[in-house]
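The structure appears below as structure tokens.
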Amino acid sequence: MSLTHHLAAGDLLNALRGAACPSSALHLYSLLRLRLRPSDPSYLASRAAVLALKPLSAASSLPLLSHFHGHLLRSNLIAYPHVASSLLRSYSLLSPSAAHQLFDQIPPATCNIYVLNIMLASLCRSSDLDSARAFFDGIPDKEAVSWSTMLACYFSRGRLADGFALFRSVTFTTNIAVDCIMLTTLLTACTSAGLLPPFCRSVHGYVVRCTLPTSMHLGTTLIDCYAKAGHLDYATRVFSRVPNRNVMHWTAMICGMASHLRNKEAVQLFEEMCQRRVQPNEMTFTAVLSACVNAGLVEKGREFFKLMVDRYCLEPNIHHYGCMVDLYGKARLLEDAYEVIKTMKVEPNVFIWTSLLAACKKFKNVKIAIEGMEKALALEISD
DNA sequence: ATAGGGTTAG
């Protein structure tokens with residue numbers, strides 16, 4: 001507190017950049033406002049407002065946000081397009097209707113392409129496709145961001161034909177260069193639609209030919225795409241050429257190995273990743289645990305589960321518990337499997353019970369089967 | 001000098 005008293009506006013701005021919770025952000029913001037002199041450039045206050053908005057929307061508190069909105073109106077900071085667009089984005093994540101309302105009040109002079117793209121993204125998330133498309137069509141000077149927002153909207157809602165048609169028009173009717181993000185969007189859609197190998201290769205070829213800077217996301221998506229298509233050799237090649245592999249790259253690779261029953265390699269990759277001090281996440285553990293299930297590696301599975309909780313402090317979810325029930329059930333350790341269900345912190349679902357009952361059937365354990373069945377039925381009724 | 005689009009689970 002006393003320390004912040006001596007900080008210059010620039011330092012306060014930096015502190016604001018790192019502020020995580022709304023209260024510290026608002027505190028730093030008001031200190032900075034007090035510190036500003038008439039001689040300071042007027043954009044400083046607007047930059048501070050933008051930085052303060054981030055933790056505000058992360059805390060997802062609508063009252064706090066509208067309070068700050070009031071301040072932005074009174075101080076007229078809202079006339080800065082980047083302030084208006086940041087506010088609009090914050091609203092759109094919390095309340096699409098409030099975002100819509102705000103958008104209608106933004107004067108034409110402030111309503112630049114950023115504001116329009118954010119509004120488009122908001123409609124894409126919360127509104128029907130036709131309204132989003134109508135809004136998109138009305139944007140005068142569309143940028144790559146506008147196109148990729150609309151593309152992602154179609155693809156994420158399963159409208160593949162419309163998505164591809166839109167991709168064709170961006171490539172053939174505009175001068176807009178296809179960038180990494182558009183390609184990521186496109187590849188994700190193709191991967192989920194099962195349109196894999198030739199397409200993936202041509203996108204990959206395009207990336208290499210045009211020496212596009214391969215973003216972290218695009219690298220992950222390429223690995224995932226090749227792996228899902230069963231081209232683990234290509235996936236491995238892409239993987240090995242990513243300069244600073246992050247969790248996502250490792251996880252995509254481990255998932256790929258596990259889903260093609262190359263379980264030993266999945267486990268090896270996982271161990272190598274830990275050695276290299278890359279922090280695994282929930283998804284990584286789902287992948288490596290399922291490799292253990294496939295290969296019947298009971299002790300490894302037990303070890304990894306412990307690692308997840310004790311060392312990486314991750315809360316096991318339904319997928320992890322499912323793997324453990326499977327792992328024990330398939331190894332005839334029915335008591336252990338049942339123990340997992342009895343002690344797990346989330347509600348067991350139908351997959352979990354089915355897995356246990358299947359193991360009971362296989363190993364002819366009537367006692368646990370009856371008990372499990374009763375519990376499963378009791379849950380069903382109480383739902 | 002500041003703001004916007006994309007990634008992973010039978």
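Chain identifiers are assigned alphabetically (A, B, ...) following the order of the sequence lines, protein sequences preceding nucleic acid strands; residue numbering begins at 1 within each chain.
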Could you work out which one of B/dT7, B/dT8, B/dA3 sits closest to the side chain of A/S86? B/dA3
A/L16 CG to B/dA3 P: how many Å, rounded? 12 Å
Picking from B/dT8, B/dA3, B/dG10, which would you name as closest to the side chain of A/D326? B/dG10
By nearest atom, which of the nucleotides B/dA3, B/dG6, B/dG5 is closest to the A/P81 side chain? B/dA3
For the pair made of CZ in A/F351 and C1' in B/dA9, what is the distance, rounded to whole Å? 12 Å
Using a cut-off of strictly less than 4.0 Å, decide whether A/K228 has a side-chain nitrogen or oxygen near OP1 or OP2 of B/dA9. yes
Quick check for you: among B/dT8, B/dG5, B/dG6, whose closest atom lies nearest to any side-chain atom of A/A121? B/dG5
Distance, rounded to the nearest Å, where A/I352 contributes CD1 and B/dG10 contributes P: 14 Å
Whether the A/Y328 and A/E339 side chains hold a donor-acceptor pair (N or O, under 3.5 Å, no angle test) is what I'd like checked. no
Name the closest nucleotide to the A/Y114 side chain, picking from B/dT7, B/dT8, B/dA3. B/dA3
Quick one: closest heavy-atom pair of A/I223 and A/M253, and the distance? CG2-SD, 3.8 Å
So which residues get pulled into A/I370's cluster when ILVMFWY side chains under 4.5 Å apart are joined, directly or through others? A/V366
Base, sugar-phosphate, or nothing: which does A/A144 touch, judged by heavy atoms less than 4.0 Å apart? base
Give one of base, sugar-phosphate or nothing for A/N317, where a contact means two heavy atoms less than 4.0 Å apart. base
Closest of B/dT8, B/dG10, B/dG5 to the A/T149 side chain is B/dG5
Side chain A/T220 and base B/dT7 donor-acceptor under 3.5 Å: yes
A/T184 has a side chain; which of B/dA3, B/dT8, B/dG6 sits nearest to it? B/dG6
Would you confirm whether the ring centroid of A/F167 sits within less than 6.0 angstrom of the ring centroid of A/W147? no
Would you tell me whether A/Y80 and A/S42 have side-chain atoms, one donor and one acceptor, within less than 3.5 Å of each other? yes
Nearest-angstrom distance from the residue atom CD1 of A/I118 to C1' of B/dG5: 10 Å
Pairing residues for A/A15 by the side chain to side chain contact (heavy atoms under 4.5 Å, CB included) criterion, not counting sequence neighbours: A/L28
Check if the side chain of A/T185 and the base of B/dG6 share a donor-acceptor pair of N or O atoms closer than 3.5 Å. no
How close or far is atom P of B/dA3 from atom CD1 of A/I78, stated in whole angstroms? 17 Å
For A/L116, what residues pass the side chain to side chain contact (heavy atoms under 4.5 Å, CB included) criterion, not counting sequence neighbours? A/F103, A/C111, A/F135, A/I139, A/P140
By nearest atom, which of the nucleotides B/dT8, B/dG6, B/dG5 is closest to the A/M182 side chain? B/dG5
Side-chain donor-acceptor pairs of residues 43-56 of chain A under 3.5 Å, sequence neighbours excluded:
| unit_1 | atom_1 | unit_2 | atom_2 | d |
| --- | --- | --- | --- | --- |
| A/S46 | OG | A/Y43 | O | 2.7 |
| A/S46 | OG | A/H82 | NE2 | 2.9 |

B/dG5, B/dT7, B/dA9: which one has an atom nearest the side-chain heavy atoms of A/D179? B/dG5
Which is true for A/E282 with a 4.0 Å heavy-atom rule: it touches a base, it touches only sugar-phosphate, or it touches nothing? nothing
Send over the distance from A/I223 CD1 to B/dT7 P, rounded to a whole Å. 15 Å
Counterpart residues, side chain to side chain contact (heavy atoms under 4.5 Å, CB included), relative to A/T284 (two or more places apart): A/V247, A/T251, A/I254, A/F270, A/M273, A/P280, A/N281
Rounded distance in Å - CD1 (A/I113) to P (B/dA3): 17 Å
Nearest whole angstrom, please: distance from the P of B/dG10 to the NE2 of A/H320. 11 Å
Nucleotide nearest A/T286 when distance is taken to its side chain, options B/dG6, B/dA9, B/dT8: B/dA9
Does A/L186 reach a base, just sugar-phosphate, or nothing at all? Heavy atoms under 4.0 Å. nothing
The correct set of residues in residues 37-63 of chain A placing a heavy atom under 4.0 Å from DNA chain B is A/Y43, A/R47, A/V50
